[in-house]
Amino acid sequence: MKKNIVLIGFMGSGKSTLAQILAQKTFRKVVSTDDLIQKQEGRSIADIFQKSGESVFRVLEHHVVLQVAQDQELIIDCGGGVVLNPQNMTALKKTGVLIYLSCQPKEILRRIQMQPKRPLLDVADPLAKIEELLHQRKSLYDQADLTIDTTDGDLQKAAQEIITKVLS
Ligand code: S3P
């Protein structure tokens, strides 16, 4: 069985960009849990959070995770909060290698400010929120098989590391 490459990590850690780089290098298909949720729901993540709330979003996310985890040989770009549900982690681990992209909070903030649309960080003090959520999630992200720090932004290097350590 050819295992999925599952990218987990906080918003702004580089999952989506790295997924595209890996797809080019490996000819694998990329699926994004956020994209699938938006397609299946016919509305944006921000709209789901705003009108239905985070708990509804998490249920939709769980269903999508179970769908994608049934497949193989994919690159799975996970929303940052996928790790919150232990059942998501079990399903993803069964068919995939989990890679945690870690990143320093200040760098996350810088990237998020260039690319808003993250309802959880739409608060008065986003840096404090990033630090709080990272603290809450650290032990969950640490369940990954491999951790790569992306603070320096060198995602080509990160892709090469994954190919060397996971695929060869
Ligand atoms: C979330 C991360 C987002 C998206 C939603 C919630 C989170 O995905 O799923 O806004 O809880 O960390 P990205 O990590 O792709 O930004």
Side-chain angles (χ1 to χ4, degrees), residues 4-23 28-69 74-89 91-92 96-144 146-151 153 155 158-159 162:
N4 296 317
I5 293 176
V6 183
L7 303 179
I8 61 172
F10 206 77
M11 296 168 258
S13 59
K15 291 166 292 181
S16 303
T17 308
L18 181 58
Q20 295 305 328
I21 296 172
L22 281 170
R28 286 183 176 217
K29 187 178 147 196
V30 175
V31 294
S32 144
T33 59
D34 280 352
D35 285 355
L36 278 177
I37 294 165
Q38 294 184 112
K39 260 184 219 145
Q40 293 180 5
E41 278 291 291
R43 56 190 180 134
S44 69
I45 302 292
D47 191 86
I48 299 169
F49 266 81
Q50 202 186 359
K51 301 210 176 105
S52 309
E54 180 175 349
S55 56
V56 167
F57 173 78
R58 296 297 173 203
V59 173
L60 298 170
E61 185 174 57
H62 177 56
H63 288 144
V64 160
V65 166
L66 293 184
Q67 285 165 28
V68 296
L74 296 174
I75 294 163
I76 305 177
D77 169 13
C78 293
V82 149
V83 296
L84 294 169
N85 182 337
Q87 291 175 356
N88 289 346
M89 294 297 265
L92 289 166
V97 179
L98 266 61
I99 298 160
Y100 169 40
L101 304 186
S102 65
C103 187
Q104 288 302 312
K106 278 190 182 145
E107 176 60 15
I108 289 175
L109 178 66
R110 195 187 67 80
R111 295 180 193 170
I112 296 292
Q113 282 170 339
M114 294 191 299
Q115 257 189 356
K117 291 195 192 152
R118 261 72 170 217
L120 284 178
L121 301 179
D122 197 6
V123 295
D125 187 349
L127 184 59
K129 188 72 183 176
I130 290 168
E131 284 169 340
E132 179 197 325
L133 289 174
L134 271 175
H135 180 73
Q136 280 171 12
R137 294 177 182 181
K138 190 183 178 323
S139 64
L140 305 173
Y141 289 137
D142 282 344
Q143 289 170 19
L146 173 67
T147 297
I148 300 179
D149 192 286
T150 67
T151 307
L155 297 179
I162 292 170

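For this chain, numbers begin at 1 and follow the sequence in order. Side chains are part of it too, since the values below use all heavy atoms of this structure and drop only hydrogens, waters and symmetry mates. One-based numbering, in listed order, for ligands and for the atoms of each.
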(request) For a side chain to side chain contact (heavy atoms under 4.5 Å, CB included) with Val6, tell me which candidate from Ile76, Leu74, Ile99 qualifies. (result) Ile76

(message) Can a side-chain donor-acceptor contact be found between Ser52 and Arg43 if the only test is distance below 3.5 angstrom?
(response) yes

(message) Run the side chain to side chain contact (heavy atoms under 4.5 Å, CB included) test on Thr147 and Tyr141 for me, step by step, so that the C-alpha distance in whole Å, both residues' side-chain angles and the decisive distance to 0.1 Å come before the verdict.
(response) CA-CA 9 Å; Thr147 297; Tyr141 289 137; over 6 Å; no

(message) Using heavy-atom distances only, which candidate in Arg118, Gln38, Arg58 approaches atom 16 (O) of ligand 1 most closely?
(response) Arg118

(request) May I ask you to check if ligand 1 and Gly80 share an N or O to N or O distance below 3.5 Å? (result) yes

(request) For Lys15, take its heavy atoms, then give the atoms of ligand 1 lying under 4.0 Å from any of them. (result) 13 (P), 14 (O), 15 (O)

(request) Please report the shortest heavy-atom distance between Ala19 and Asp77, naming the atom on each side. (result) CB-CB, 4.2 Å

(request) Looking only at non-hydrogen atoms, find the nearest pair between Arg58 and Val82 and report the distance. (result) NH1-N, 4.5 Å

(request) Around atom 15 (O) of ligand 1, find the nearest protein heavy atom and jot down its residue, atom name and distance. (result) Asp34 OD2, 3.4 Å

(message) Applying a heavy-atom cut-off of 4.0 Å, say which part of Leu120 lies close to ligand 1: side chain, backbone, both or neither.
(response) side chain

(request) Give the residue and atom name of whichever protein heavy atom lies nearest to atom 12 (O) of ligand 1, and the separation in Å to one decimal. (result) Arg137 NH1, 2.8 Å

